[in-house]
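Every chain is numbered from 1, with letters handed out A, B, ... down the list of sequences.
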Number of protein chains: 2
Amino acid sequence: MEKAGISLSVDAVVFGYQPEQGLSILLIRRKYEPFKGGWALPGGFVLEGESLEEAVSRELKEETGVQLNYLEQLYTFGDPKRDPRRHIVSVAYFGLVRPDHFEIKADTDAEDSQWFQLDELPKLAFDHLKILEYARERLRAKISYEPIGFELLEPKFLFGDLENLYMSILGRSIDRRNFRKKMLAFGILDELDQKVKNGPGRPASLFQFNQEKYFQHQRDGFHFEI
Amino acid sequence: MEKAGISLSVDAVVFGYQPEQGLSILLIRRKYEPFKGGWALPGGFVLEGESLEEAVSRELKEETGVQLNYLEQLYTFGDPKRDPRRHIVSVAYFGLVRPDHFEIKADTDAEDSQWFQLDELPKLAFDHLKILEYARERLRAKISYEPIGFELLEPKFLFGDLENLYMSILGRSIDRRNFRKKMLAFGILDELDQKVKNGPGRPASLFQFNQEKYFQHQRDGFHFEI
DNA sequence: ACAAAAGTGTTGTAGATACACCCATGT
DNA sequence: ACATGGGTGTATCTACAACACTTTTGT
């Protein structure tokens with residue numbers, strides 16, 4: 001890397017959700033100073049000639065091997081003192097991963113990356129806690145007015161899981177009946193014929209997000225809002 | 001500036017509003033290649049050790065002399081081909097200016113900066129049109145759920161002007177009675193005793209945005225939404 | 001008196017909230 | 001039969017949209 005001038009990096013706040021464990025985020029253990037051995041968001045320097053999204057995907061692949069299902073730019077953190085070494089500006093992204101892509105592939109740099117539940121976070125390097133909080137806030141806001149929740153679930157999911165996902169992201173309880181009514185009224189979910197039984201209790205239907213219908217309704221000027 | 005590596009710049013989309021002329025934005029004429037003589041957003045390279053906001057303020061002062069009333073980060077544009085010279089990543093900001101700070105001070109670099117009405121825009125350099133459109137969209141969205149409209153008006157303003165401001169930003173007509181009812185119901189505007197007469201017609205009251213009250217209501221968990 | 005702009009109130013309607021019981025299965 | 005989780009309907013309330021006339025001034 002260059003010695004003088006401003007460097008540009010990207011960092012990714014990657015959320016995953018599992019019905020049993022709730023929301024988690026992906027962290028890596030740093031191999032070098034500063035904060036060697038500490039936990040940090042996956043990320044790294046942007047290479048000359050590559051786009052920001054390419055940099056994020058590349059770093060995520062190198063460091064963790066996870067496959068993103070959704071990626072969106074979050075905010076650019078530019079405080080010249082945010083990195084003790086020198087002036088490094090970081091463009092933060094936030095991403096979502098489906099449970100079936102949770103396995104961390106120990107390919108390249110992946111030897112030490114790990115999912116952490118949000119209530120059991122370790123201390124984070126740099127200003128990464130601030131970035132993480134910013135991302136949580138964005139996720140909360142975004143899930144209420146765009147149907148990105150589905151990107152955190154398997155393609156076929158149970159309504160109850162969707163409901164729990166919303167509750168854990170929004171941090172409040174939701175009336176089951178009203179939620180279902182509202183969500184189904186958008187007409188962007190397909191109910192499948194399959195039923196799932198686990199343990200006692202009535203079997204539940206599987207649902208599927210129908211992106212075509214969503215785009216269609218969007219063109220017709222409707223507005224998703226929970 | 002350095003010759004290799006990625007450079008970092010900031011660009012600002014600065015909106016101003018005048019009741020008679022509607023929304024305008026601030027552009028500068030480029031002195032150097034590329035796009036020499038063309039119109040562009042004010043901005044420039046970030047200096048080592050300065051924050052992004054400092055860079056924006058500095059460049060705006062150098063190039064146009066206007067005083068911002070509101071500043072917010074917009075998005076970071078990182079396509080390596082967005083600048084024909086080399087890889088330059090730009091953090092775009094959007095800002096709002098009050099009519100009483102409209103005068104462009106011909107101090108330093110200001111010799112060629114100018115307000116343009118949105119329907120009379122010249123061709124813009126680089127990807128600046130894209131950035132501008134992004135900013136317009138953000139302004140539209142933001143003005144509907146945060147009370148930033150006032151930052152575009154004099155501290156004391158007429159209700160009619162506020163109404164026209166909203167209509168020109170949202171690009172649709174608004175029912176005068178409902179708008180007033182809703183806006184006043186938030187309890188964040190103070191009606192002053194002064195009345196203003198211009199020409200024929202009933203004199204209008206002056207209003208003032210009360211930030212204290214807004215912060216108070218915000219803490220109480222209310223939500224501004226037009 | 002007339003033209004121009006400011007100010008104001010009511011009613012209907014759609015969407016949100018609150019709320020409790022039945023259904024299908026496993027043990 | 002009972003425990004467990006899934007599925008559903010209704011009444012009330014609140015917030016928004018639609019809509020037209022009166023008031024105050026200048027000319």
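- B:Tyr166 pairs with exactly one of B:Ile169, B:Leu162, B:Asn164 by the side-chain contact (heavy atoms from CB on, under 4.5 Å) rule, that one being B:Leu162.
- For the pair B:Lys181 NZ and C:dG9 C1', the computed distance is 7 Å after rounding to whole Å.
- Comparing A:Phe159 and B:Asn178 along DNA chain D, the residue whose closest nucleotide (by nearest heavy atom) sits nearer the 5' end is A:Phe159.
- Side-chain atoms of A:Arg177 stay outside donor-acceptor range of the base of D:dG7, with no qualifying N/O pair under 3.5 Å.
- Note: CD1 (A:Ile174) to C1' (C:dC19) measures 17 Å, nearest angstrom.
- Both B:Asp175 and A:Lys182 sit near DNA chain C, but only B:Asp175 has its closest nucleotide nearer the 5' end.
- Ring centroids of B:Phe224 and B:Phe222 are separated by 6.0 Å or more, keeping the two rings apart.
- The nearest heavy atom of DNA chain C to A:Arg176 and to A:Asn198 marks one nucleotide each, and the one closer to the 5' end goes with A:Arg176.
- The side chain of A:Pro200 approaches C:dG26 more closely than any other nucleotide in the set C:dG26, D:dG26, C:dG7.
- Between A:Phe126 and A:His128, the two ring planes are tilted [angle within 30° to 60°].
- The CG atom of A:Leu132 lies 11.5 Å from the CG atom of A:Asp11; values are rounded to the nearest 0.5 Å.
- Taking the centre and axis of the six-membered ring of A:Phe159, the NZ or CZ atom of A:Arg180 falls inside the cone set by 45° and 6.0 Å.
- Here D:dG5 presents its P atom at 18 Å from NZ of A:Lys195, a figure rounded to the nearest Å.
- In this structure, CD of A:Glu163 is placed 11 Å from C1' of D:dG7, rounded to the nearest angstrom.
- Dashed line: the shortest gap from a side-chain N or O of B:Ser205 to OP1 or OP2 of C:dG7 is under 4.0 Å.
- Atom pair A:Phe179:CZ and C:dG15:P shows a separation of 18 Å (rounding to whole Å applied).
- Here the P atom of nucleotide D:dT23 and the CZ atom of B:Arg202 are 9 Å apart, to the nearest Å.
- Counting atom types as modelled, B:Arg180 pairs no side-chain N or O with a base atom of C:dG7 as donor and acceptor under 3.5 Å.
- Residue A:Met183 contributes atom CE, which lies 13 Å from atom P of C:dA16 at whole-angstrom precision.
- For the pair A:Asp161 CG and D:dG5 C1', the computed distance is 12 Å after rounding to whole Å.
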